[in-house]
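Within every chain, numbering begins at 1; the chains are lettered A, B, ... in the order of the sequence lines, protein sequences first and strands thereafter. What you see is a predicted model; the values in this text were computed from it and never measured.
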Amino acid sequence: MQWNKQDLGQYFTAEEYIDTLLIPLMQVTFKDQKEMEKSAVQQETGMIFVREMEKQFKGRIFLMPAYHYLASEDLSAEVTRLNEWAAKAGERSFKHVFFFSFDPHWKKQERNLEGNLLWMPAIQSGDTQSKETQSIIKNQVAQLTDLIKTYW
Amino acid sequence: MSEKRQQVSRRQFLNYTLTGVGGFMAAGMLAPMVRFAIDPALQASSTGEFKAVEDVENITEEPTRVDWEIDQVDAWYESTVTKTAWVYKDENGDIVALSPICKHLGCMVTWAGNDDYPDQFYCPCHDGRYYKSGENVPNTPPPEGLDYYEYKIEDGTLLLGPTKPRGEA
């Protein structure tokens with residue numbers, strides 16, 4: 001399910017079945033060209049990852065709009081905010097919350113997050129159309145979906 | 001020389017110029033009108049499009065996953081969408097092409113996706129199951145069987161088109 005009117009309509013007919021929330025965490029920075037380009041590439045590939053995961057498990061995973069934050073060494077303020085998201089989601093039917101990110105700074109905060117962190121090193125190729133990148137992404141998505149299955 | 005030169009009178013010059021310019025203007029107005037008028041006839045229908053996916057001789061009785069890409073145009077984007085089908089030959093040698101979209105809530109089912117049911121389609125989301133024919137296994141979540149793809153065979157190649165729900169088959 002995605003955050004649009006049509007999917008929400010379907011969600012409310014089958015709320016009890018859709019128990020998993022997927023929140024992409026996207027870093028934004030204004031530092032310099034290199035960092036900004038890196039952030040843009042991560043945003044693009046990250047969204048491909050989460051959309052593919054949602055496609056596989058459309059009937060059980062709800063993909064939230066991406067959570068954007070300013071790049072920072074210390075993400076504890078963001079953790080507080082995300083835990084509020086998770087708490088609100090728990091008031092609905094969501095039992096599992098997954099955060100997806102390429103930003104390694106989340107790794108330090110993992111145990112403070114009220115949910116499961118899916119962190120992976122970013123693919124830096126930048127050309128998401130190339131056949132090699134596509135097959136790498138497909139392969140990694142398959143591994144991620146297997147991982148999610150083990151939590152159900 | 002200069003006496004023999006054909007003089008173009010003012011009247012002739014103006015006539016030629018005005019006819020020429022007028023002709024261009026008329027053509028400029030008519031061409032788009034004609035183009036718009038016949039445009040619907042030139043539009044390729046995107047829903048009824050068939051795409052070659054696999055050689056028929058490669059298809060066995062074991063359901064196999066095939067992927068192909070179509071160009072999808074909606075109001076704002078034009079995008080390439082990957083489509084997937086499970087394809088096999090039934091006992092009569094006829095091609096069966098099933099949509100992988102679970103009829104329960106739209107997850108992707110896989111053939112033999114669960115070790116306990118090696119001869120069924122399995123949906124990982126809520127344990128929905130389908131027999132090889134695509135019929136849903138009773139007492140599992142899906143309310144009906146998997147959709148069929150319409151197919152054509154041309155020169156030994158399988159072409160798949162739009163999906164069709166079971167009720168209309």
Novice: Please list all pairs passing the ring-ring contact (aromatic ring centres under 6.0 Å, His included) test where one or both residues lie in residues 25-50 of chain A, with sequence neighbours left out.
Specialist: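 Sorted pair list: A/Phe49-A/Phe100, A/Phe49-A/Phe102.
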Novice: Could you tell me the separation between the CD1 atom of A/Ile61 and the SG atom of B/Cys125, rounded to the nearest 0.5 Å?
Specialist: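 Interatomic distance, A/Ile61 CD1 to B/Cys125 SG, rounded to 0.5 Å: 7.0 Å.
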Novice: Hey, any chance A/Leu147 and A/Leu63 share a hydrophobic cluster, counting ILVMFWY side chains that come within less than 4.5 Å of each other, even indirectly?
Specialist: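 In one cluster: yes.
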Novice: Give the minimum heavy-atom separation between A/Ala14 and B/Leu105, together with the two atoms involved.
Specialist: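 Minimum heavy-atom separation between A/Ala14 and B/Leu105: CB-CD2, 3.5 Å.
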Novice: Hey, which residues of residues 12-29 of chain B are touching chain A, say heavy atoms under 4.5 Å apart?
Specialist: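 Within residues 12-29 of chain B, near chain A: nothing under 4.5 Å.
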Novice: Tell me whether B/Phe121 is reachable from B/Val137 by hopping between hydrophobic residues (I, L, V, M, F, W, Y) whose side-chain heavy atoms are closer than 4.5 Å.
Specialist: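 No; tracing contacts between hydrophobic side chains, which count when under 4.5 Å, never links both residues.
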Novice: Any chain of hydrophobic side-chain contacts (each under 4.5 Å) joining A/Leu22 to A/Phe57?
Specialist: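 Result: yes, single cluster for both.
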Novice: For B/Asn139, give me all partners under side chain to side chain contact (heavy atoms under 4.5 Å, CB included), at least two apart in sequence or on another chain.
Specialist: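 B/Asn139: no side chain to side chain contact (heavy atoms under 4.5 Å, CB included) contacts found.
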Novice: Which atom pairs, one donor and one acceptor, sit under 3.5 Å between chain B and chain A?
Specialist:
from	atom 1	to	atom 2	distance (Å)
B/Met108	N	A/Gln56	O	2.9
B/Cys125	O	A/Arg60	NH1	2.8
B/His126	NE2	A/Tyr17	O	2.6

Novice: Do the side chains of A/Leu25 and A/Phe98 join up, straight or via other hydrophobic residues, at under 4.5 Å, putting them in one cluster?
Specialist: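 No, A/Leu25 does not connect to A/Phe98 through the hydrophobic network.
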Novice: Consider only side-chain heavy atoms of I, L, V, M, F, W and Y, link residues closer than 4.5 Å, and tell whether B/Ile101 and B/Leu160 are in one cluster.
Specialist: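 Each belongs to a different hydrophobic cluster.
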